[in-house]
Amino acid sequence: IPVSGRSDFPRPLAEVPAGSADRVLVFRAHGFTIYDRAPQTYIDAIYAMLRPGGVFGIVDHKGKEAVPQAEKGDNGYVNESFVIGMAEKAGFRLEARSDVNRNPRDTKDHPHGVYSLPPTLAGTLPFTEARERFLTIGESDRFTLRFRKPAETDQVRP
């Protein structure tokens, strides 16, 4: 069920009864680290929505693993290990990862974080050298992960 606009998520959504969704896909929603609730509550809510055997997929702006995850995530980057840790804590099993959305040109040290890059291009004006540099880098380096909620026969929730 597509959700548009702001919602009360991660509070339960009446449109998505617990254990009824086949899959939940999250794209560039680094809000897991910047909204008013603890990030784990979002992952736990997704786990609750999914039926046993359901899939949780996520694509997000990949942070530098050598730099601890920023509590508020102001730069827009999220450490892949941070997301994997939360998902596994919720009970998910990492099933696959892909490099399809990787961009090695993204050094992740831009003045406005990920927002310096396209499509936002924060802090730069058209036809400037700075903007051209960010356009050359392209969009952010991203991780792509697929998790599965264990089937009822093999669920072992921590």
Item to complete: Assess whether side chain to side chain contact (heavy atoms under 4.5 Å, CB included) is satisfied between Asp106 and Tyr77, documenting all intermediate values.
Response: CA-CA 11 Å; Asp106 180 6; Tyr77 289 101; 2.9 Å; yes

Discussion item. Under the criterion side chain to side chain contact (heavy atoms under 4.5 Å, CB included), I'd like the reasoning laid out for Lys62 against Val78: C-alpha separation, chi angles, the key distance, then a yes or no.
Written reply: CA-CA 5 Å; Lys62 182 177 174 50; Val78 179; over 6 Å; no

Nearest heavy-atom neighbours spanning [X] and [Y]:
X	Y	result
Pro150	Gly91	CD-O, 3.2 Å
Pro118	Leu135	CG-CD2, 3.9 Å
Val114	Gly76	CG1-CA, 3.7 Å
Asp22	Arg51	OD1-NE, 2.7 Å
Ala90	Asp44	CB-OD1, 3.3 Å
Val100	Ser98	N-OG, 3.1 Å

[X]: side chain to side chain donor-acceptor pair (under 3.5 Å) partners, not counting sequence neighbours:
X	result
Arg97	Glu80
Ser81	Glu65
Thr107	Asp109

Mind checking the [atom1]-[atom2] spacing from [X] to [Y]? Nearest 0.5 Å is all I need.
X	Y	atom1	atom2	answer
Thr120	His112	OG1	NE2	11.0 Å
Tyr42	Ile58	OH	CD1	12.5 Å
Phe56	Arg23	CZ	CZ	14.5 Å
His61	Asn103	NE2	CG	12.0 Å

Discussion item. Please tell me whether Asn101 and Thr144 have a donor and an acceptor in their side chains that are separated by less than 3.5 angstrom.
Written reply: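 Indeed, the side chains of Asn101 and Thr144 share at least one donor-acceptor pair under 3.5 Å.
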
Worksheet item: Between the side chains of Tyr115 and Asp74, does any donor sit under 3.5 Å from an acceptor?
Response: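 Side chains of Tyr115 and Asp74: no pair found under 3.5 Å.
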
Discussion item. Ring centres under 6.0 Å, that's the criterion: do Tyr47 and Phe92 meet it?
Written reply: yes

Fill in: Any residue meeting ring-ring contact (aromatic ring centres under 6.0 Å, His included) with Phe134, in chain and number order, not counting sequence neighbours
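Partners of Phe134 under the ring-ring contact (aromatic ring centres under 6.0 Å, His included) test: His110.
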
Worksheet entry | Results of salt bridge (charged side-chain N to carboxylate O under 4.0 Å, His left out) for Glu95 - residues two or more places apart only |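 Counting only residues at least two positions away or on another chain, Glu95 forms a salt bridge (charged side-chain N to carboxylate O under 4.0 Å, His left out) with Arg146, Arg148.
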
Discussion item. Is there a side-chain contact between Asp60 and Val83 in this structure, where contact means two heavy atoms from C-beta onward sitting under 4.5 Å apart?
Written reply: no

Worksheet item: Do side-chain atoms of Lys149 reach the backbone of Gly54 as a donor and acceptor pair under 3.5 angstrom?
Response: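 No, Lys149 side chain to Gly54 backbone: no donor-acceptor pair under 3.5 Å.
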
Item to complete: Would you mind listing every salt bridge (charged side-chain N to carboxylate O under 4.0 Å, His left out) that reaches into residues 119-143, with sequence neighbours excluded?
Response: Arg28-Glu139, Arg102-Asp141, Lys108-Asp141, Glu139-Arg142

Practice prompt. Consider only side-chain heavy atoms of I, L, V, M, F, W and Y, link residues closer than 4.5 Å, and tell whether Val55 and Ile43 are in one cluster.
Written response: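 Unlinked, Val55 and Ile43 end up in two clusters.
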
Discussion item. Check for me, please, whether Met86 and Val67 land in the same ILVMFWY cluster - side-chain distances under 4.5 Å, paths through other members count.
Written reply: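 Cluster IDs for Met86 and Val67 differ.
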
